[in-house]
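Here is the naming used below: chain letters follow the sequence lines, and residue numbers restart at 1 for every chain.
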Amino acid sequence: MPGVLWQTLRLAQDIYGLKMGALGTIDEPQIRLTVFSSRALKPRVFSKIVREVTRRYDLDSTAIAEFVQRYSTDKILGHVIERWRGMRPKSGYSLYEYLVITVMLQNTVVKRSVAMLHSLFEHYGRLAEFDEHELWAFWEAKAIERTSEKELRALRVGYRAKILKRQANQLVRRHIDEGRLWGLGRTERLKELDKIYGVGPQSAGYMLYEFFHDYDALEHIPPWEGKIYSRILFGHDRASPERIMEFVGRRFPGFRHLALDYLITDLFWRHREQNIDWLAKLIRR
DNA sequence: CGGCAGGTGCGGA
DNA sequence: TCCGCACCTGCC
């Protein structure tokens, strides 16, 4: 259904169902948030959920509006902004959930990532039913800490089992401290994320942008994405990641990653509507 | 079948 | 710092 988003939300041991519906207009937006809970919801908890949603989706920031205003007449971005004005990265997960997702995305194809996540949900997650929807909710890191690497491997996650275990340990023992990470600047934050076992430049970059809402973070461009950006910006796929970074740094200062995200999202949607041949060749399944 | 995948850790130069 | 290599598994 357009204009409505359903998701689960885990806060410690409690699981909620969320429904977010679009109200108002793109330029004067409002969101109607409905919270589904298995017990009566205290106002204090509701406020906490509102704060959490606001932080996760970066709803109290004016960054997206600034970006739209600044580049709405840009030769490269103008028509894309016309179509996607107001779009923001979907970032409804907790830091731990992001870690799990990025690990499942590593070194495999999307289909298998989905299969591995599903298998983890079935064993450790909880299926939440609300508003006529069934959606999986994540588990707590503690649950993975209690299980064995062998048991995880039986779920066909391969060597990622070790990473899941170590990350859960680091989290439960508070070697990963989300509050502290929020207080750091980009360089330090990147360095800290990179210290997490199983997190490298790709996963860290992904989290800087989507989880920490650093719309200018662009320290790493994977080869396959680089080819696509090169094609969009220069009309050929030979530009190096350095060249791309340099270009967007001059053209879209403060919004390097967001600008590329708008461009690539628009491209994928156009590809979906009408096959783009060169893109089809670059995408794997 | 061998090769490889929207990465990362590790060891050695 | 920068390489090359191994790594689970499933699919081509």
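Pairing analysis of DNA chain B (Watson-Crick: purine N1 to pyrimidine N3 plus N6-O4 or O6-N4; G-U wobble: N1-O2 and O6-N3; both under 3.5 Å) yields stems of 3 or more pairs at B:2-5 with C:9-12, B:7-13 with C:1-7.
Sorted pairs that involve residues 156-171 of chain A and meet salt bridge (Lys or Arg N to Asp or Glu O under 4.0 Å), not counting sequence neighbours, are lacking altogether.
Salt bridge A/Arg186/A/Glu219: present, at least one basic N to carboxylate O contact under 4.0 Å. Ion pairing between A/Arg180 and A/Glu188 fails under the 4.0 Å rule for side-chain N and carboxylate O. Using a 4.0 Å cut-off between a side-chain N of Lys or Arg and a carboxylate O of Asp or Glu, A/Lys48 and A/Glu52 do not qualify as a salt bridge.
The NZ-P distance, from A/Lys195 to B/dC10, rounds to 15 Å in whole Å. Per the geometry, CG belonging to A/Asp194 stands 14 Å off C1' belonging to B/dC10, to the nearest Å. Nucleotide B/dG7 holds its P atom 8 Å from the CD atom of A/Gln106, rounded to whole Å. Separating the CH2 atom of A/Trp224 from the P atom of B/dA5 is a distance of 13 Å, rounded to the nearest angstrom. C/dT1 atom C1' lies 15 Å from atom NZ of A/Lys191, rounded to whole Å. In this structure, A/Leu164 atom CG and B/dG9 atom P are separated by 14 Å, rounded to whole Å. In this structure, CG of A/Leu152 is placed 12 Å from P of C/dT9, rounded to the nearest angstrom. Here the P atom of nucleotide B/dG7 and the CD1 atom of A/Ile221 are 15 Å apart, to the nearest Å.
Within 4.0 Å of A/Val199, counting heavy atoms only, lie sugar-phosphate atoms of the nucleic acid but no base atom. Counting any heavy atom pair closer than 4.0 Å across all strands shown, A/Arg160 reaches a base atom. Note on A/Pro223: nothing from the nucleic acid sits closer than 4.0 angstrom, heavy atoms only. As judged by a 4.0 angstrom heavy-atom cut-off over every strand, A/Leu155 is placed among residues making no nucleic acid contact. No engagement by A/Ser113 is indicated, since no non-hydrogen atom pair under 4.0 Å with the nucleic acid exists.
The aromatic rings of A/Tyr98 and A/Tyr93 sit perpendicular to each other, their planes meeting at more than 60°, with 30° as the lower class boundary. Between A/Trp139 and A/Phe121, the ring-plane angle classifies as perpendicular under the 30° and 60° cut-offs.
Between the side chain of A/Tyr206 and the base of B/dG7 there is no donor-acceptor pair of N/O atoms closer than 3.5 Å.
Considering only side-chain N and O atoms, A/Thr108 lies nowhere under 4.0 angstrom from the phosphate OP1 or OP2 of C/dC8.
A donor-acceptor distance shorter than 3.5 angstrom exists from the side chain of A/Gln170 to the backbone of A/Tyr197, with no hydrogens or angles considered.
Rounded to the nearest Å, the gap between the C1' atom of C/dG10 and that of B/dG9 is 23 Å. When the C1' atom is used for both C/dC11 and B/dT8, the distance is 22 Å, rounded to whole Å.
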Distances under 3.5 Å between nitrogen or oxygen atoms of protein and nucleotides 10-12 of chain C:
residue, atom, partner, partner atom, Å
C/dG10, OP1, A/Arg156, NE, 3.2
C/dG10, OP2, A/Arg156, NH2, 3.0

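Between A/Tyr215 and A/Phe67, the distance from one ring center to the other does not fall under 6.0 angstrom.
For A/Arg189 against A/Trp182, the heavy-atom pair with the smallest separation is NH2-O, 3.0 Å. Of all the heavy atoms in A/Glu210 and A/Ser91, the pair that sits closest is O-CB, 3.0 Å.
Closest to the A/Tyr197 side chain, of the nucleotides B/dT8, C/dC7, B/dG9, is B/dG9.
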